[in-house]
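Each ligand, and each atom within it, is numbered from 1 in the order the structure gives.
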Amino acid sequence: MTADPEGLLAAMTVEEKIGQLNLLPAGEGMATGAGDATPLAERLDAGLVGAVFGVKSRESARAMQERALAGSRHGAPLYFAEDVIHGHRTVFPLPIALACSWDMALIEETAAHAAREAAEDGVHQVYAPMVDVSRDPRWGRVAESPGEDPTLAALYAAACVRGLQGADVAAEGRVAACLKHFIAYGAPQSGRDYDNASLGWAELFEVHAPPFRAGVEAGAASAMVAFNAVNRTPMHAHAPLVEGWLRGRLGFEGLVVSDYTGVRELQAHGLGDRAATVARALHAGVDMDMVGEDYLAALPALARDGIDCAESGVRFTAAEIVALIDRACLRVLRFKQRLGLLADPFRSLRGEGPPRAPSATGRALARRAAGASAVLLKNDGVLPLRSGPLTAALVGPLADDRANLIGTWSVAGDAAQVRTLREGLEGREGLTLICAPGANLVEEPWLVDRLNCHGPTVRPDPRPEAEMIAEAVAAARLADIVIAAVGEAKEHAGEASSRLSPDLPAPQRRLIAALAKTGRPLVVAVCAGRPLALAEVAEAADALVMAWHGGVEAGPGLADILTGAAEPSARLAAALPAHPGQTPLSHAAEPTGRPNPGRFRKFLTGWLDLPDGPGQTDGLYPFGFGLAYTTFRHGAPQADRREGLGEEDRLAVRIDVTNAGDRPGVETVQLYLSDPVARSTRPARALKAFRRLSLAPGETGRATFEIDVEMLRYPLADGPEDERRVWDPGAFTLWLGPNSRDAQALEIAWRA
Ligand code: NOJ
């Protein structure tokens with residue numbers, strides 16, 4: 001075998017090249033797309049597979065590699081991919097949760113740990129990070145997303161790429177990252193998964209593009225296109241965005257793969273028959289076809305005859321198709337070269353597979369991550385739990401749950417490895433627990449069936465609701481304090497799990513109301529996969545923690561926060577709505593001509609049926625919000641200068657923050673920008689940077705930021721190929737504070 005991609009390409013027949021573009025499932029998981037998968041072995045023997053995903057062990061990957069090499073005249077190796085969304089065997093908190101840590105070093109560490117474990121299982125590429133910005137809590141895949149903000153998402157994307165790939169993706173314990181889903185998959189117009197996105201091009205570049213840009217700049221070796229159409233062109237056929245923007249504009253040189261049967265689905269999108277859609281996808285820059293085998297089926301004839309189809313408007317000569325096949329095949333081979341597989345096809349495939357259980361190091365990291373992701377939203381002095389003898393009623397359907405707290409998309413995870421909140425609290429000195437589930441997660445039998453699509457995680461208690469609530473209330477009455485762990489099932493969130501009404505399911509709301517009536521101090525921990533509307537719960541609770549689905553150490557990590565063994569430091573990466581219908585939602589929404597004054601007024605922008613209260617525009621709990629067990633005093637923001645700034649200037653801005661309480665804590669000082677007068681409407685506040693200050697009691701720290709014209713720029717675009725970055729001289733407001741709502745203004749003026 002020749003070990004260079006160009007030499008290999010030159011030696012291959014068209015059929016062999018087409019085989020390299022074929023990306024098949026190992027068949028060891030659930031089929032989720034259009035049509036059934038083809039028997040893999042047959043294809044391997046014929047040399048018609050480029051890569052395989054979803055292999056469950058190193059041994060089985062090795063067997064497939066041997067078979068592929070035997071089936072290929074040139075000994076072209078496979079590469080192996082897997083969905084490693086929030087950890088591999090050591091399952092970390094969901095991505096939306098990890099993003100709430102605002103701790104990029106921690107996120108990088110979790111990604112690096114996941115890479116090591118995946119590589120030990122013979123994986124070369126992971127389908128992560130998912131970097132789709134999302135402002136719609138109905139969308140189930142917000143669980144896998146870094147949240148609502150492009151700046152935070154961009155930092156998250158870069159941290160994940162660094163963690164997964166390191167300096168050299170071919171080094172031991174490293175894997176190729178795959179940025180997904182390109183692009184605007186997080187903006188489905190109805191909140192329904194797979195639905196199309198219809199948005200201004202400037203919004204696309206300002207809100208959805210930054211994490212892809214950051215991921216590419218960090219060196220991501222691959223990307224996956226999204227299922228949805230953007231402004232009426234499905235992303236699997238979007239040449240201007242894939243070949244044009246991603247490759248042309250950003251200079252991305254890696255591999256682009258389709259999503260699961262995404263090429264096939266172009267037919268359902270209405271772009272034509274198999275031949276026409278395959279030609280369009282290949283031309284758009286989708287190098288590999290996942291699962292559907294449409295490239296394999298249609299490209300040989302296209303390469304021989306070309307296509308001229310008036311109905312779909314698709315026209316390519318045979319020579320053009322052959323050139324496109326060459327282009328895609330070369331990218332596949334270069335990717336394999338970058339992975340070190342042309343030199344050594346058995347890289348990470350030799351020897352015994354690793355043990356399945358998370359290591360002690362992995363567990364310690366997962367526990368730290370679970371604590372760092374739990375956002376303290378309310379605390380009327382009941383947390384941390386007081387030390388000394390304390391009896392707590394531990395109630396709620398997620399208090400002793402493994403199957404759901406692992407979180408969606410944890411394909412190599414094992415729910416049996418999850419440690420629950422009960423286990424996390426048990427044995428803490430002086431603490432006695434009285435446990436009662438109190439409610440089922442949901443009450444509708446048909447919904448239980450849907451939530452159990454990947455195996456039973458929701459097992460309803462057959463007792464009548466009144467009996468369950470009575471038991472929990474009795475436990476509360478015997479206790480000094482009540483801790484209720486409520487929320488969503490694992491499959492409430494994730495792929496194809498959009499919800500009409502992102503709130504706490506009704507039986508659990510009734511449980512909280514009953515507990516509140518006991519008058520016992522009530523701590524509510526919400527374990528969910530998406531931002532939920534929690535107004536009623538927040539009202540009833542004395543303390544409220546958004547703990548998400550926390551992975552294998554969900555329980556101990558949350559227990560550390562509740563007991564004060566760890567200090568709460570997380571900040572919301574996505575606002576929590578004041579009502580389930582308040583969607584989409586973002587602190588950065590542009591002002592209207594009839595701005596909301598913070599309460600309902602007829603003929604101003606607002607909701608008739610949303611009661612007055614906080615969060616008319618930015619949710620009940622805004623982006624960036626989170627409390628600590630200490631309090632922080634922010635001084636007045638200071639700038640070197642406020643005026644006379646020109647194009648080449650850099651402005652230093654600072655703010656002093658004092659830990660005014662008696663516990664240590666981390667304050668996340670956030671810098672937002674608004675541009676009150678510009679040629680187009682601008683976000684109310686856009687996050688530009690943040691600093692995490694770790695402060696001892698009484699200590700004062702300083703957050704400094706440097707502002708330059710680059711920070712003032714924003715994209716304009718009339719089309720997908722037309723991104724221009726501009727800025728409008730004049731007045732700007734910098735906002736510095738602990739979250740997107742409670743920030744102090746600093747006016748500055750910048751001239752051209
Ligand atoms: C479909 C999902 O959209 C994608 O994120 C995932 O990587 C593939 N399936 C492969 O499992």
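- By the side chain to side chain donor-acceptor pair (under 3.5 Å) test, Glu148 is found to be paired with Ser586, His587, residues two or more places apart in sequence or in another chain being considered.
- Heavy atoms of Met224 come nearer than 4.0 angstrom to ligand 1 in at least one pair.
- With respect to Glu120 and Arg89, a salt bridge is recorded, a charged nitrogen being found less than 4.0 Å from a carboxylate O.
- Note on Glu491 versus Arg450: no salt bridge recorded, every NZ/NE/NH1/NH2 to OD/OE distance being 4.0 Å or above.
- Residue Arg141 places a heavy atom less than 4.0 Å from ligand 1.
- Using a 4.0 Å cut-off between heavy atoms, Glu82 makes no contact with ligand 1 at all.
- Looking at Asp259 next to ligand 1, an N or O pair under 3.5 Å apart turns up.
- Atoms of ligand 1 found under 4.0 Å from any heavy atom of Lys180 (numbered from 1 in listed order, with element): 4 (C), 5 (O), 6 (C), 7 (O).
- Shown here is Glu66, whose CD atom has more than 12 heavy atoms of other residues, nucleotides or ligands within 6.0 Å.
- Summarising the local packing, CD of Gln189 is surrounded by more than 12 heavy atoms from other residues, nucleotides or ligands at distances under 6.0 Å.
- Residue Trp409 approaches ligand 1 through these ligand atoms, each under 4.0 Å from one of its heavy atoms: 11 (O).
- Note: no N/O pair closer than 3.5 Å links Tyr185 and ligand 1 by distance alone.
- Of all atoms in ligand 1, listed by their number and element, those nearer than 4.0 Å to a heavy atom of Tyr127 are 7 (O).
- Evaluation of the ring-ring contact (aromatic ring centres under 6.0 Å, His included) test over residues 77-101, restricted to residues two or more places apart or in two chains, returns Tyr79-Phe335, Phe80-His124, Phe92-His113.
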